[in-house]
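Have a look at the structure below, then the notes.
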Amino acid sequence: MIEEINKQGGLFGDDEVLIKAFQSGDKKAFDRLLLGHMNRVFNLCYRFMSDYEEANDCAQETFIKVYRSLNGFKFQSSFSTWLYRIAVNTCKNRLKSAEYRNRMQTFKIGENKELNNNSYTGEIADQSLSPVTLLDKKETEALIQSAIDSLPEEQKEIIVLRDIEGFSYEEIADITDNELGTVKSKLSRARGTLKEKLKGLI
Amino acid sequence: MECIKVKELLSEYIDNVLDEQLKKSVEEHLLTCNSCAEELASLKTYLEKINSLEKIEAPVNFIKSLNEKLENENPKPQEQPNFGPKPEFKDTKQKVFMPFKIKLSFKFAGALAMLLLVVYIVKVIQPSEEMTTVIPSSQEKIVTEKLMDKEAKQLALEKREEDLSSSEIIKGNQVPLSLAMEKEKTISSTVSAAKPIELVLLIKPDMQVRAYSSVRTTNLQMKSVDLIGKDKDVLESGKLREAENIGAMMDEKNSVVISSEIENLVRSFGGNVLSVKYSQTETHVISAEIPKDKYSNLLKSLNELSQFQKPSPSVIGTEGDSLKIRVKLIPSK
């Protein structure tokens, strides 16, 4: 599964060829480049932000930044690493922004009522879940997503990159600007934390 | 290997990134440790769950919406990517280390440097060399003349200084008159032009009042007295409108009164009045001759009587021990 995900980039042609075409003035090459990475970037943003609209905004912002900077891209790192670094940083900045915090605060006040109606509680690990088989797939996904969302930012980042997007340890080290050993230890700890949060499901 | 160490490595083991030796050690431990084996099983389940998450796709209009934003935001595709050195720093670095666009050959650069050196020597160093050069006897006369010229220039400079110090007297009467007079004496001993000293005096308003009161009514006198307090400021600022009222009332008779006081002063200092021109206009001129040593005392007395508009001590004519002066008397308006 992970290996398949890794091959998603560049579906609409070789990234390098498309970038060089764009740098030569072929602006339509950007659309083809975009098609090759758009959904993966969007999914990463969604898992990071836990909100479709926020994910859409972050993904759009990511590609706007890429478009503006692509002429200066020198192929010193892989385009994929560069692109996802921009995406991760955009999401992290968005999470820190006052606008996002205000919005989420407003949202959560309304959301709590809905959760109570559905017999959900805020803490996933402590709640008494029904057997997994009885849960709707959507509900399971929502619980997993909530668990991911409740992780500290650093752990969320590494879980999304490795366990959801399937980047290699080396790529994660490049994207997050960490040492390989740090990536390994952080991932082990993040997985432990998330596994604990999903205790009822596993 | 201990359980705690194995549990730490399980994440890497499941991702198959452990080296062979560690992998073997972990596998051996898992065969004998149920707790760690369970941990591995739960980790696998966790990964299955995570991997089963739906891939959320971008909305259908994602590219259209993005293109609209790019068009609206006036894209700047020339910017540098946001990794690596910051664009501003990179630009500065490139500018600093950028080779010169204008290429100069070494020959041309050398010629240019020589030219600058020659100009520097001629324009800057040459004058000091002239001062230190040993003067041949045949040129001694010329040099002496040059030195005399310099002395004359120096004197002219001193004279200019005198003018400046004298102008201070007019402004505020703050510079002691005697000081200015001492300088005049120095100059008079060196300059032998036979031009009379010209003094232009503004008759002080109180003197005008004094003169005026002898012929006018008390009512008018009161008006004039009111104006005395303002006189200093009025005169200093050059706005003589108030004083003008008094000056306009001054008739020939009054001028004669002031003129006769000056004539008396000249005589009291041992001088002779050579001529007195009374005019129907504002200016009255007294020409006189006065002993040189009494000149400064005369100026002090004149300063009490009137205000100096133009002391002009720059050229002082001398004939023996006496000075010729010409005093112009102007009502202060």
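Note that the structure is predicted; figures quoted are calculated from it, not measured. FYI, side chains are in, hydrogens and waters are out, and symmetry mates aren't considered; it's all heavy atoms of this structure. Every chain is numbered from 1, with letters handed out A, B, ... down the list of sequences.
Of the atoms belonging to B:I14, it is side-chain heavy atoms, and not backbone ones, that fall under 4.5 Å from chain A. Residue A:I64 touches chain B through both its backbone and its side chain, counting heavy-atom pairs closer than 4.5 Å. Neither the backbone nor the side chain of B:E48 comes within contact range of chain A; no heavy atoms are under 4.5 Å apart.
Across every non-hydrogen atom of B:A58 and A:N39, the tightest pair is N-OD1, 3.0 Å. B:P59 approaches A:F42 most closely through the heavy-atom pair CD-CE1, 3.5 Å. Scanning both residues, A:R47 and B:E54, for their nearest heavy atoms gives NH2-O, 2.6 Å. The nearest pair of heavy atoms linking A:K195 to B:Y46 is CD-CB, 4.0 Å. Considering every non-hydrogen atom in both B:K7 and A:S188, the closest pair reads O-OG, 4.4 Å. The two residues A:Y169 and B:S11 come nearest to each other via the heavy atoms OH-O, 3.7 Å.
The closest side-chain heavy-atom distance from B:L47 to A:R191 is below 4.5 Å. Contact annotation: the side chain of A:Q60 never approaches that of B:L70 to less than 4.5 Å [non-hydrogen atoms, C-beta and beyond].
With chain A as partner, the option from B:I50, B:L66, B:N67 having the largest number of non-hydrogen pairs under 4.5 angstrom is B:L66. Highest contact tally toward chain B, considering only A:E61, A:R189, A:M38, is held by A:M38 [criterion: heavy-atom pairs under 4.5 Å]. Comparing A:L187, A:N43, A:I159, A:V41 by heavy-atom pairs within less than 4.5 Å of chain B, the highest count is held by A:N43.
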Check step by step if side chain to side chain contact (heavy atoms under 4.5 Å, CB included) holds for A:L198 and B:K49. CA-CA 10 Å; A:L198 296 171; B:K49 291 287 171 197; 5.7 Å; no
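By the neighbour-count criterion of 12 heavy atoms within 6.0 Å, atom CD1 of B:I4 is sparsely surrounded, having that number or fewer from other residues, nucleotides or ligands. Atom CD of A:E154 sits in a sparse spot, with 12 or fewer heavy atoms from other residues, nucleotides or ligands closer than 6.0 Å.
Interatomic distance, NZ of B:K64 versus CG of A:D31, reported as 13.5 Å (0.5 Å rounding).
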